[in-house]
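Below: the structure, in structure tokens.
This one's a predicted model, so the numbers in the text were calculated from it and none came from an experiment. Start at 1 with the first residue, then count along the sequence. The figures here come from the full heavy-atom set of this structure, side chains too, leaving out hydrogens, waters and symmetry mates.
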Amino acid sequence: MTKQKFEEIYRKHYPEMYRLARTILYDEDESKDAVSEVFTKLLRADIEPQEDKLQGYLMTSVRNKCRDVLRHKSVRQRVENLYAADLKQDLTTATSDDDRLERINEFVKRELSPLSQQILQLRFLGEMKYEEVAEAAGVSRVTVHRHLSEGLQRIREFINEPTKR
């Protein structure tokens with residue numbers, strides 16, 4: 001692949017690839033690293049994917065790279081990164097990570113339905129894919145997505161309530 005062709009691909013696809021990585025990882029630096037590694041792999045492989053399949057190849061590669069990054073993080077780091085963008089901490093009054101996680105856990109047990117609790121637990125603690133969670137919980141993927149979205153939104157709202165910090 002020529003340098004000019006590589007630069008053209010980079011300029012055209014980087015913004016969308018970065019947005020996808022950012023959506024998955026919730027971390028600017030990790031997202032940039034993931035996209036860079038995909039481009040490095042493309043350059044080292046010295047292949048030129050067909051133009052009509054290039055975007056799909058790049059987006060799938062970014063998604064897979066992001067999955068690898070998430071797979072290698074501890075549960076605590078993933079939970080913290082998931083909420084880091086939503087948290088506005090005052091360093092002088094910040095509580096410890098353990099206290100924050102305990103309050104979130106108590107909120108989940110108190111406020112979310114048993115099915116939502118099970119789905120969150122399977123997805124984040126069990127590190128299962130949506131399909132695996134759906135099968136384990138005996139529900140559809142749509143139900144899994146809906147419970148995860150609603151549950152995470154309620155947790156974000158709880159974390160951002162000024163009286164709960």
Partner residues of Lys129 under the side chain to side chain donor-acceptor pair (under 3.5 Å) criterion, sequence neighbours left out: none
Over 12 foreign heavy atoms within 6.0 Å of CD, Glu135: no
Interatomic distance, Ile155 atom CD1 to Glu111 atom CD [nearest 0.5 angstrom]: 11.0 Å
Residue Glu131 excluded, over 12 heavy atoms near CD under 6.0 Å: yes
Check: Leu101 main-chain N/O paired with Asn105 side-chain donor or acceptor under 3.5 Å: no
Side-chain donor-acceptor contacts of residues 54-66 below 3.5 Å, not counting sequence neighbours, with atom names and distances?
residue, atom, partner, partner atom, Å
Gln55, NE2, Glu16, OE1, 2.7
Gln55, NE2, Glu16, OE2, 3.1
Thr60, OG1, Gly56, O, 2.8
Ser61, OG, Tyr57, O, 2.8
Asn64, ND2, Thr60, O, 3.3
Lys65, NZ, Glu37, OE1, 2.7

Short side-chain to backbone donor-acceptor contact, Arg141 and Tyr130, under 3.5 Å: no
With sequence neighbours excluded, residues passing salt bridge (charged side-chain N to carboxylate O under 4.0 Å, His left out) with Glu132: none
Gap separating the CZ atom of Phe158 from the CD atom of Gln153, nearest 0.5 angstrom: 14.0 Å
Gap between atom CD of Glu106 and atom CZ of Arg103 - 0.5 Å precision: 9.0 Å
Beyond-backbone contact of Tyr14 with Lys32, side-chain heavy atoms, under 4.5 angstrom: yes
For Lys5, side-chain contact (heavy atoms from CB on, under 4.5 Å) partners two or more places apart: Met1, Thr2, Glu8, Ile9, Glu48, Glu51
Minimum heavy-atom distance between Val38 and Met17, given as atom pair plus value: CG1-CE, 3.7 Å
Heavy-atom side-chain proximity of Val69 to Ile24 below 4.5 angstrom: no
Pairwise side-chain contact, Val35 with Leu20, heavy-atom cut-off 4.5 Å (strictly under): no
Side-chain touch His13/Tyr18, heavy atoms, less than 4.5 angstrom: no
Residue list, side-chain contact (heavy atoms from CB on, under 4.5 Å) with Ser149, at least two apart or on another chain: His145
Minimum heavy-atom distance Leu112-Arg154, with the two atoms named: CD2-NH1, 3.6 Å
Qualifying residues under side-chain contact (heavy atoms from CB on, under 4.5 Å), relative to Leu115, sequence neighbours excluded: Ser113, Gln118, Ile119, Ala137, Val139, Thr143, His147
Ion pair Arg71/Glu127, N-O distance below 4.0 Å: no
Side chain to side chain donor-acceptor pair (under 3.5 Å) assessment of Gln121 paired with Gln117: CA-CA 6 Å; Gln121 193 171 41; Gln117 291 177 38; over 6 Å; no
Verdict with reasoning, Phe6 to Arg11, per side-chain contact (heavy atoms from CB on, under 4.5 Å): CA-CA 9 Å; Phe6 180 79; Arg11 283 191 197 100; over 6 Å; no
